[in-house]
Amino acid sequence: MTVFAPIFYHGELVGFSANRAHWLDVGSKEPLAPMDSTSIFQEGIRLGPLKIYDRGEPRRDVIDTICMNSRFSRNAHGDLNGMIAGCRTGEKRLHTLLDRFGLDTIRQATQEIFEQTATLEHEFLKQIPPGVYCEEGILDNDGITDDPLTVKLKLTVDENHHINVDLTGSSPQAAGSTNTAMAQTISAVRVAYKEIVLPNIPVTGGSFRGLTVTVPPKTIFTAEEPAAFSWYFSHLGLLIDLMIKALEKVCPQLTAGAHYGDSMVCYLTGIHPVTGELFAHDEPTVGGWGGHSEGDGQDCLINVQNGDFKNFPAEICEHILPCIMEKYEIRQDSEGAGRNRGGCGVIRTYRTLVDGVNLYLWFERSKMPAWGVLGGQAAQGPKVTVYDEKGNVVTEMLKCNNYRLGKGWVVEMMTGGGGGYGDPLERDPEKVAYDVKNRFVSRQRASDVYRVAVREDGTVDEAATEKLRQQ
């Protein structure tokens with residue numbers, strides 16, 4: 001949901017405040033969101049621009065209609081009120097600036113900041129040599145068929161240091177929900193651009209002037225109604241990684257190994273045995289990011305598309321769910337090896353305490369896990385296994401919709417790591433020993449892949465390491 005509000009100053013419209021937030025449920029055919037939708041009409045209530053306040057007074061009938069279309073109406077009211085408060089906070093802060101400096105000064109400063117941003121970006125882009133840089137990647141499937149989806153990228157840098165991203169040749173509009181529209185596609189391209197171009201300065205109205213995006217109609221990046229859109233971020237995340245990989249050979253200082261790439265979403269729903277009410281748990285699961293020129297990839301971080309989603313502690317999950325979290329730990333050896341290694345994924349395991357907990361999964365990037373760059377190795381991909389109460393494997397799967405679990409069953413989720421940067425044989429042996437000591441990497445992997453001998457006490461056997469690396 002997006003809530004936005006006009007900001008007036010002495011009767012003049014001077015701007016808008018806005019925020020966007022996920023609600024727990026917006027009335028789709030399944031609690032939270034379906035994994036098997038084939039039409040946007042299965043995915044929840046659709047709202048165009050709709051006034052919820054009129055001349056400062058709430059439109060209760062409209063607000064009630066919106067919130068009644070959620071299975072968690074009380075939460076929806078709370079979320080909406082929080083978003084309204086956010087917009088009002090933005091209004092107050094802009095008023096504070098205007099009262100202090102005046103409207104003319106603010107407008108002049110705004111334009112100057114925009115021009116400064118544009119100038120800084122243009123100067124930065126001069127280090128990328130003109131040329132055409134192509135990459136291609138695949139997703140596992142769209143959740144309906146088992147056919148992989150293709151993301152095809154042609155990144156062109158012209159003599160004026162302008163970048164065009166052309167996605168011609170990418171898969172046509174999907175039967176499942178791995179679709180998005182042009183606005184979100186442009187947004188994802190801008191995320192990748194910002195990861196490369198001056199990531200430490202803010203985005204302003206002067207950003208992205210040196211960037212255009214080209215996509216033909218009716219692709220997974222330019223889908224049209226009634227296409228399903230729920231899992232739009234899978235191919236957008238792949239696109240972001242491919243844009244950064246495209247610079248591997250010409251700008252090694254700006255490239256990085258791919259990250260684990262997807263939200264790795266687990267939903268658990270059902271009727272709570274104590275309250276008798278519907279419970280629903282929406283969990284994007286963290287994973288590893290790619291190694292880069294300045295260091296290792298981050299371990300156990302949320303994916304690029306989900307921004308500031310939080311890392312749920314076990315205690316919160318067990319308070320909400322009729323489940324026990326039996327394991328939450330680093331997934332050892334899941335990283336892509338490199339001079340700067342990729343980050344590790346995690347293992348997260350739930351055991352049900354009642355019959356009838358329903359499982360929904362959307363895990364991706366198993367057919368093309370996070371790749372390495374400049375000699376770095378690829379990471380481990382995701383894996384999900386369901387066990388019965390006796391520990392027998394019931395199934396292995398990465399996507400499912402409304403899969404019923406029995407009492408005492410276990411869902412073990414493993415997320416992927418990030419790709420490595422540079423030759424693993426160039427990694428500092430002391431860093432390898434640190435990773436072994438802290439269980440990011442096993443002693444066996446240290447020996448086999450990094451060619452570093454780590455003693456039982458965690459120290460480097462320098463003579464043995466030298467021999468391994470000479471071999």
Side-chain angles (χ1 to χ4, degrees), residues 195 199-200 241 244 248 252-261 264 285-304 310-311 313-314 327-349 365 369-383 412-471:
E195 287 190 354
N200 293 326
D241 277 339
I244 295 168
E248 175 180 5
Q253 76 280 10
L254 300 179
T255 194
H259 83 314
Y260 77 116
M264 309 297 173
T285 313
V286 296
W289 282 53
H292 48 90
S293 62
E294 297 182 6
D296 295 343
Q298 180 65 51
D299 303 292
C300 312
L301 186 68
I302 200 66
N303 68 304
V304 67
K310 301 302 185 288
N311 194 358
K327 184 184 294 186
Y328 187 28
E329 63 184 38
I330 300 291
R331 185 183 178 190
Q332 191 180 61
D333 295 344
S334 59
E335 93 300 350
R339 180 171 74 246
N340 294 329
R341 68 167 176 84
C344 288
V346 296
I347 303 175
R348 200 165 169 99
T349 300
R365 303 275 281 267
W371 56 80
V373 293
L374 301 168
Q377 296 185 5
Q380 292 290 319
K383 183 179 180 181
E412 181 184 60
M413 299 175 290
M414 299 183 180
T415 63
Y421 181 99
D423 187 345
L425 299 185
E426 297 176 2
R427 185 163 178 78
D428 183 345
E430 292 298 332
K431 289 184 177 180
V432 177
Y434 174 89
D435 287 338
V436 170
K437 181 178 180 180
N438 290 280
R439 301 186 182 182
F440 294 100
V441 174
S442 65
R443 289 180 67 226
Q444 188 66 50
R445 182 168 173 81
S447 175
D448 293 346
V449 177
Y450 295 96
R451 311 301 284 172
V452 174
V454 181
R455 300 186 182 96
E456 289 283 355
D457 64 1
T459 60
V460 176
D461 185 330
E462 294 179 356
T465 296
E466 178 67 21
K467 184 177 180 180
L468 283 171
R469 288 196 164 179
Q470 284 180 353
Q471 291 173 348

Could you check whether any side-chain heavy atom of [X] comes within less than 4.5 Å of a side-chain heavy atom of [Y], counting everything from C-beta outward?
| X | Y | result |
| --- | --- | --- |
| M414 | S334 | no |
| L468 | Y450 | no |
| R427 | D435 | yes |
| L301 | V286 | no |
| E335 | V441 | yes |
| R348 | M264 | no |

Taking [Y]'s backbone N and O only, do any of them form a donor-acceptor pair with [X]'s side chain (distance below 3.5 Å, no angle check)?
| X | Y | answer |
| --- | --- | --- |
| E248 | L374 | yes |
| D296 | R341 | yes |
| Y421 | G297 | no |
| S447 | A453 | no |
| T415 | P382 | no |

Original post:
H259: what forms a side-chain contact (heavy atoms from CB on, under 4.5 Å) with it, not counting sequence neighbours?
Top reply: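 Applying side-chain contact (heavy atoms from CB on, under 4.5 Å) to H259 gives D241, W289, N303, V304, Q305.
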Subject >> From H292 atom NE2 to T255 atom OG1, the distance as rounded to the nearest 0.5 Å >> reply: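 Here the rounded value is 11.5 Å.
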Original post:
In Å and rounded to the nearest 0.5 Å, what is the CG to CD distance from D333 to Q380?
Top reply: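 One finds 8.0 Å between CG of D333 and CD of Q380.
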Other residues, nucleotides, ligands: >12 heavy atoms within 6.0 Å of [X] [atom1]:
| X | atom1 | value |
| --- | --- | --- |
| Q253 | CD | yes |
| E456 | CD | no |
| E462 | CD | no |
| Y328 | OH | yes |
| R469 | CZ | yes |

Subject >> By side chain to side chain donor-acceptor pair (under 3.5 Å) - contacts of R455 (at least two apart) >> reply: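 Expected list: T459.
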**OP:** Using the test side chain to side chain donor-acceptor pair (under 3.5 Å), find all partners of R331 that sit at least two apart in sequence or belong to another chain.
**Re:**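 With neighbours one apart ignored, the set is empty.
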**OP:** State plainly whether the residues R451 and D423 are in salt-bridge range, i.e. N to O under 4.0 Å.
**Re:**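 Here R451 does not pair with D423 in a salt bridge, since their nearest N and O are not under 4.0 Å apart.
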Original post:
Going by an N to O cut-off under 4.0 Å, is there a salt bridge joining K383 and E412?
Top reply: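 Looking at K383 and E412, the cut-off is not met.
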Quick check: closest heavy atoms across [X] and [Y], and the distance to 0.1 Å?
| X | Y | result |
| --- | --- | --- |
| A256 | I244 | N-CG2, 3.5 Å |
| G458 | A433 | O-CB, 3.6 Å |
| V346 | C300 | CG1-SG, 3.4 Å |
| G419 | A379 | N-CB, 4.3 Å |
| S293 | N340 | O-ND2, 3.7 Å |

Original post:
Of V432, T465, D428, which is the lone residue that meets side-chain contact (heavy atoms from CB on, under 4.5 Å) with V460?
Top reply: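 Considering V432, T465, D428, a side-chain contact (heavy atoms from CB on, under 4.5 Å) with V460 is found only for T465.
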